[in-house]
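Everything below concerns the one structure shown next.
The figures that follow rest on heavy atoms only: side chains count, while hydrogens, waters and symmetry mates do not. A note on names: the letters A, B, ... follow the listed sequences, proteins ahead of strands, and every chain is numbered from 1.
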Number of protein chains: 2
Amino acid sequence: MRQTSDPELACPVAPVVDIVFSRWTTPILWSLHTYGRQRFVELERRLTSITPKVLTERLRRLERDGLVSRTYHAEVPPRVEYEITELGASLGPLFAHLTTWADENLARVDEARAAYDERR
Amino acid sequence: MRQTSDPELACPVAPVVDIVFSRWTTPILWSLHTYGRQRFVELERRLTSITPKVLTERLRRLERDGLVSRTYHAEVPPRVEYEITELGASLGPLFAHLTTWADENLARVDEARAAYDERR
DNA sequence: CTGCATCCCTTATGATACTG
DNA sequence: CAGTATCATAAGGGATGCAG
């Protein structure tokens, strides 16, 4: 939980940020949305630098928030599959909007940084 | 810096998240966008629980990224005004989109949480 | 394979006091 | 007013080992 209740008073988007934009959540949602239902190891491999501990934590949280669903198959060895829910998929247009903004403006951010750094 | 370079490989929105959705950045941008140009103290009062140290850090970063501009008036006492830039303001529609999603889906997240918690 | 339990460490954030 | 400096604390995340 990065944002506490107070910032929310000043900003209506704060609660969403807390749910959707915590660390690792966008890459996880993006993977599930783009490549479909996946096993734990598949996600682990795709998010190259994540540790199993952290991946588990994030998936639990996303499951609790209703953005991801978890299916356990009692086999040997066990198989667990994760899939984005309808609620999670409803973030799709938002992510697309975000990508568009990035394409159009990220270069300007870089320029601003370069200019700022040069001034010192 | 919450997101490192690796998650970016798996997710095109990760870089934007890093810039726009770090802690305190949305309340700050929201305040400047909604209430216009403001002094340091005004922001401090609006974001009720932020400390001057953290507010300074965030404003510096937003300034470096070109989302906020800082104007220093050499008076006694000194007066410093912060204002959202054109680049910062270009996030407006995105924030609106976010707010819409929140209005429509936050209740479903709450339900999912309640259901999840009850299952244990 | 999936993932929980520990331990440990770094970093981020917060509280407090103090300057130009 | 607009910060800076210092210290304290908590949270995030990595490493390792083990269990179902």
**Message:** Any heavy-atom pair between the side chains of R46(A) and P27(A) that's under 4.5 Å?
**Reply:** no
**Request:** Over 60° means perpendicular and under 30° means parallel, so classify the ring planes of W30(B) and F95(B), tilted if in between.
**Result:** parallel
**Message:** With a 4.5 Å cut-off on side-chain heavy atoms, are S22(B) and R61(B) touching?
**Reply:** yes
**Message:** With a 4.0 Å cutoff (strictly under), does any side-chain N or O of R79(A) reach OP1 or OP2 of dG3(C)?
**Reply:** no
**Donor-acceptor contact present, side-chain T25(A) to main-chain V20(A), <3.5 Å** = yes
**Message:** Both E81(A) and K53(A) contact DNA chain C. Taking the nearest nucleotide for each, which residue is further toward the 5' end?
**Reply:** E81(A)
**Below 4.0 Å: OP1/OP2 of dG20(C) and any side-chain N or O of Y72(B)** = no
**Message:** If we ignore hydrogens and angles and just use 3.5 Å, is the side chain of E63(B) paired with the main-chain N or O of R70(B) as donor and acceptor?
**Reply:** no
**Request:** Measure from the side chain of V41(B), starting at C-beta and using heavy atoms only, and say which of dC1(C), dA2(D), dG3(D) lies closest.
**Result:** dA2(D)
**Fill in**
With five pairs defining each end axis, the helix from dC1(C)-dG20(D) to dG20(C)-dC1(D) comes out bent, to 10°, by 50°
**Item:** Nearest-Å distance for atom pair CZ/C1', residues R45(B) and dC1(D)
**Value:** 10 Å
**Asked** Hey, does the side chain of R60(A) come within less than 4.0 Å of dG3(C)'s phosphate (OP1/OP2), counting only N and O?
**Response** yes
**Asked** 5'-most contact on DNA chain D: P52(A) or R58(A), nearest heavy atom basis?
**Response** R58(A)
**Message:** I want to verify a distance call: between dT2(C), dG3(D), dC1(D), whose nearest atom is closest to the V80(A) side chain?
**Reply:** dT2(C)
**Contact under 4.0 Å: T51(B) side-chain N or O vs dG14(C) OP1/OP2** = no
**Request:** May I have the distance from E57(B) (atom CD) to dT4(D) (atom P), rounded to whole angstrom?
**Result:** 10 Å
**Request:** Quickly work out the L59(A) CG to dT2(C) P distance and round it to whole Å.
**Result:** 11 Å
**Distance test, side-chain N/O of R39(B) to OP1/OP2 of dC1(D), below 4.0 Å** = no
**Message:** If I take atom CD in residue E63(B) and atom C1' in nucleotide dG3(D), what distance separates them, rounded to the nearest angstrom?
**Reply:** 14 Å
**Prompt:** What is the distance from CH2 of W24(A) to P of dG12(D), rounded to the nearest Å?
**Reply:** 15 Å
**Message:** I need the CG-P distance between L55(A) and dG12(D), as an integer number of Å.
**Reply:** 16 Å
**Asked** Minimum heavy-atom separation for I19(A) to L106(B), with atom names?
**Response** CD1-CD1, 3.8 Å
**Message:** Measuring to OP1 and OP2 of dA10(D), would you say a side-chain N or O of R23(B) lies under 4.0 angstrom away?
**Reply:** no
**Request:** Measure up the F21(A) and F21(B) rings against each other and bin them: parallel (under 30°), tilted (30 to 60°), perpendicular (over 60°).
**Result:** parallel
**Prompt:** Rounding to a whole Å, what distance do you find between E44(A):CD and dA15(D):P?
**Reply:** 12 Å
**Non-hydrogen side-chain atoms of L62(A) and Y82(A) separated by less than 4.5 Å** = no
**Nearest-angstrom distance from the residue atom CD1 of I50(B) to P of dT13(C)** = 10 Å
